[in-house]
Amino acid sequence: MLPLARLIDRALGPVNGPLETGRSPPFWLIFLGVVAVLVIAPSFLSRYELLNFSNFLTNIFLALGLCLIWGYAGILSLGQSAFLGLGGYAYGVVGINLIEAHGNTWLALLAGLGFPVLVAALLGWIMFYARLKGVYVAILMLVVTLLIETFLNQTAGQGWSIGLAHLGGNNGLGRFSGVIREPPSLTLGFSADAMMIFGGKTRAFYYLIVGLGVVSYLGLRALVNSRLGHVLVAIREDPDRTETLGYDVRRLQLGVFCLSALLASLSGILYVSWGNFITPNVFGVYYNILPVIWVAVAGRKSLTATVLGAVFLVWLSQKLAIQGDIAFVVLGFILLGGMMLLPEGVITGIGERIGRLFDRLGIGAATRGGRHGG
Amino acid sequence: MDTLTFIVSLLYQYADTLALLLLAAIGLIVIFGMMGVINMANGEMMMIGAYITSFSYYAGIPTPLAVIFGGLGAGLVGIVIELLIIRRFYGQLLASLVATWGLSLIMSQGAYLLLGPLIKSVPTPFGSFGVGDLSFSYYRIFIFAMGLALVAAVWALFAFSRFGLHARATMEDPSMARALGVDVKRIYSLTFGLGTGLAGVAGGLLALTSTIGPFYGQTYTPQAFITVVVGGGAEIVSGLLASALSLGLVKTVVMNQVNILLGHVAMLVFALVVIRMMPSGISDWVERRRSQGRRA
Amino acid sequence: MVLALDALSSGYGGVPIVRDVSLELRSGEVLGVVGRNGVGKTTLVKTIAGLLRATSGRIRYKDRDVTDRGARDMARLGMGYVPQGRGIFSRLSVIENLRMGEQIGGRQASYDYEQIFEWFPRLKERVRQRAGTLSGGEQQMLAIGRVLVGRPDFLLLDEPSEGIQPNIVQQIAEVLVRQNESRNLTILLVEQNLDLVYMTAERCVVMDKGALVAELTPEELVEPETAKRYLSI
């Protein structure tokens with residue numbers, strides 16, 4: 001093995017492994033290239049395009065969370081967007097109440113991340129410790145999110161306020177509700193004069209998302225390739241056998257479930273920071289089926305595929321939405337077709353083919369002998 | 001409000017709630033009990049039933065026949081779906097869930113695209129009667145009776161017919177049923193069609209009480225799911241009844257005392273409590289108890 | 001010739017269990033297949049029954065090549081299969097279980113349940129009871145009664161006497177022998193317990209490590225030397 005290749009291999013150790021597609025030097029080169037493009041992109045995009053692109057990217061965390069629990073741990077949840085919504089609403093409510101008093105949104109951020117995780121912990125405790133069947137977990141989450149949607153839709157009256165934040169019924173939190181206060185964008189910093197406001201149109205917001213995205217992606221890669229990741233896959237394949245090997249399956253399931261809720265809530269907070277509004281729609285069927293479509297069609301067992309798939313499909317939905325309501329039908333066909341024809345996912349399928357091509361050409365073989373296997 | 005009126009209104013609400021739960025869930029639980037598949041497009045099957053009922057009604061067909069047509073239509077669609085799609089997912093329950101969800105999206109949004117946001121609603125027959133200063137609809141009592149009748153019909157079908165016998169054997173041990181000459185694939189197709197047909201009839205019956213649109217069935221989905229989860233798939237009829245009776249009671253009492261939304265919340269909380277103790281539903285828990293108590 | 005196996009091999013997930021088995025059963029013959037635990041007897045039975053696909057070789061049933069046919073076809077062609085563990089439907093009643101045997105050999109104009117109850121009076125006593133509440137022996141009688149309802153030509157039995165008390169084994173043996181004599185019922189009987197084999201079979205083959213290693217008469221089989229050699233009893 002070449003010394004340089006060995007160095008790269010060592011450095012990439014934690015994030016490289018058999019449980020995630022792409023680990024050869026060419027892959028990482030492409031990865032660096034993509035990051036570079038993302039970094040310089042704002043210079044080439046108009047304000048509107050940047051605003052739009054930032055919106056696309058807020059979905060990454062939701063997608064990654066679902067990929068983690070479904071693709072790696074075998075837990076399908078049809079209500080992941082509920083955590084997005086709870087995060088957004090919690091952040092928004094606390095933010096509205098405290099932005100003037102504190103001048104920043106640190107507490108709001110904490111609330112936005114913490115509240116959904118608490119809810120996830122409670123639901124997860126009930127479901128996983130009862131050893132609920134996978135099918136039941138999936139539909140129960142859908143029931144929960146739809147119920148939250150119904151609840152929030154009828155909070156239109158004046159009485160439905162938490163402090164200064166008016167819940168706004170089906171108009172939600174924000175400028176549409178006719179009451180002055182809208183949830184603030186993330187306003188973070190360490191001293192009163194050095195506050196950064198991450199508004200939707202700003203480059204700061206864009207770089208925040210890109211930064212968080214890269215960190216999350218690499219962090220999750222490290223997680224799934226670690227011993228914990230292997231245990232998760234074992235749980236996915238055969239939970240009973242994994243338990244007899246001494247692992248506390250239920251605690252691990254609860255743990256990843258809460259982590260996925262955390263990621264979804266991050267999407268929610270960024271979404272509110274981006275647009276300064278949130279409506280009960282995010283708890284509805286459409287918003288919950290979207291991440292399922294991204295992950296199922298792109299390839300649920302691969303973080304990389306999920307990210308790429310999510311961005312592409314969101315872009316596609318936007319293009320289709322211009323044609324009218326046909327977007328939903330098309331997405332439905334894509335989902336059904338994907339499940340029937342390419343159950344492992346489109347991008348995973350393509351990635352595997354490329355990987356085999358590289359194998360045949362001998363590229364990347366230097367770092368793929370021995371420890372990781374061929 | 002005097003006591004009599006209160007009791008009558010409470011019973012009426014309970015009957016109405018039961019009607020809704022039984023009708024919304026019966027198609028779903030037949031399919032789930034047989035194959036473990038959750039048909040996420042159950043609401044759309046109800047929608048198909050409602051649409052066919054409405055179109056038939058306005059084409060001059062008498063209402064009862066229109067509802068039956070709704071059921072037949074949904075049943076046929078179900079058989080086609082089973083042959084083309086569901087078949088590929090036996091043994092992969094989560095995948096079938098996702099696939100049928102995709103189907104649900106296609107059908108509801110497709111209906112919206114092709115037929116618009118609303119179609120003509122069918123008037124509620126039979127009129128109303130009064131007790132005290134409250135008025136009640138005869139039709140709602142009728143659909144409660146219909147709900148019970150459908151459950152009884154399903155029970156009779158499974159208990160007395162040859163199809164029912166083969167179906168119950170297949171539910172318990174498909175491999176052994178096959179080794180005895182049963183066409184298991186056909187049983188699955190017919191059961192799926194039966195389930196969607198029942199949903200279609202339910203959709204048709206309930207259509208006479210509300211407006212009809214492409215997302216008509218989706219309003220029943222959460223309650224149908226809760227009913228199936230609490231009932232479990234081990235014994236279709238008894239599971240459905242036990243589930244609907246208990247959930248209906250919880251919902252009616254809370255709905256009566258507070259409001260309908262909290263009624264739904266109470267149902268969910270009750271369901272969560274039940275599944276914490278009986279994770280595979282009531283019927284499965286009962287089944288386990290029975291099989292532990294025997295063995296000579 | 002009712003059943004002919006020609007160099008039959010099968011297994012699970014690429015692991016060969018049954019290796020190159022050839023045998024022939026004439027009409028009206030009762031053949032015992034014996035061997036220790038784990039030699040592949042049940043795998044052989046499942047392959048013949050159509051529940052497991054053969055990896056190589058052929059199966060002929062009544063002059064028809066049925067190698068690629070599934071269990072349902074085999075039942076319809078008149079093969080009655082009683083698996084290890086009886087395979088009764090515990091949630092169905094006794095009479096319902098019996099009725100499940102009606103497809104074997106194709107649907108017929110009428111079925112004689114009284115005869116089944118004559119052979120197994122205990123079943124008549126419990127006719128509406130859930131089959132899961134029956135004792136092991138009663139369940140075995142039910143399983144056998146079930147496959148006889150359709151008047152099959154061929155019975156495939158996997159360890160029918162396992163865990164059953166001797167007097168019931170006796171009853172079952174009597175029914176099998178009587179059917180064999182009166183209707184020329186062909187029977188392939190897989191057993192670890194030699195009593196039933198001795199009472200019913202005319203010929204035995206011994207299986208070891210997935211292959212047939214010897215052919216004996218029942219008298220030879222129960223000789224202590226032979227039993228020890230082939231069955232490590």
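We name chains A, B, ... by the order of the sequence lines, and we start the count at 1 in each one.
More than 12 heavy-atom neighbours from other residues, nucleotides or ligands sit within 6.0 angstrom of CZ on B:F270. A 6.0 Å sphere centred on CZ of A:F115 holds no more than 12 heavy atoms belonging to other residues, nucleotides or ligands.
Note: A:W125 CH2 to B:R276 CZ = 4.5 Å, rounded to the nearest 0.5 Å. Here the CG atom belonging to A:L132 is positioned 13.0 Å from the CE atom belonging to B:M278, to the nearest 0.5 angstrom. One distance of note links CD1 of A:I289 with CE of B:M40; it measures 7.5 Å at 0.5 Å rounding. A distance of 10.0 Å separates CG of A:L336 from CG of B:L105, quoted to the nearest 0.5 Å. In this structure, the separation between CD1 on A:I139 and CD1 on B:I38 is 4.0 Å, given to the nearest 0.5 Å. For the atom pair A:F151 CZ and B:H264 NE2, the distance stands at 14.5 Å (nearest 0.5 Å).
Nearest approach of A:K133 to B:S280, heavy atoms of both residues: NZ-OG, 4.0 Å. The heavy-atom pair separating A:A130 from B:P279 by the smallest distance is O-CG, 2.9 Å.
Heavy atoms closer than 4.5 Å to chain A are found in both the backbone and the side chain of B:I275. Of the atoms belonging to B:Q92, not a single heavy atom falls under 4.5 Å from chain A. Interface remark: B:L84 contributes backbone atoms only to the contact with chain A (heavy atom separation under 4.5 Å). Only the side chain of B:Y112 comes within contact range of chain A, with at least one heavy atom under 4.5 Å from a heavy atom of that chain. For B:L268, the part lying near chain A is the side chain, with the backbone staying farther off; criterion is any non-hydrogen pair under 4.5 Å. Heavy-atom distances place both the backbone and the side chain of A:I326 under 4.5 Å from chain B.
Per-residue counts of heavy-atom pairs under 4.5 Å with chain B were compared for A:Y129, A:F328, A:Y286; the largest is that of A:F328. When the candidates B:V273, B:L262, B:L113 are compared by the number of heavy-atom contacts under 4.5 Å with chain A, B:L113 comes out ahead.
Taking 4.5 Å as the limit, some side-chain heavy atom of B:L94 sits within range of a side-chain heavy atom of A:W70. Contact of the B:I85 side chain with the A:M339 side chain is not registered, since no non-hydrogen atoms from C-beta on lie closer than 4.5 Å. At least one side-chain heavy atom of A:L78 sits less than 4.5 Å from a side-chain heavy atom of B:L97. B:F89 is listed as a side-chain neighbour of A:M340, based on a closest heavy-atom distance under 4.5 Å. Contact annotation: the side chain of B:V37 never approaches that of A:V135 to less than 4.5 Å [non-hydrogen atoms, C-beta and beyond]. The shortest side-chain heavy-atom distance between A:V285 and B:W101 falls under the 4.5 Å cut-off.
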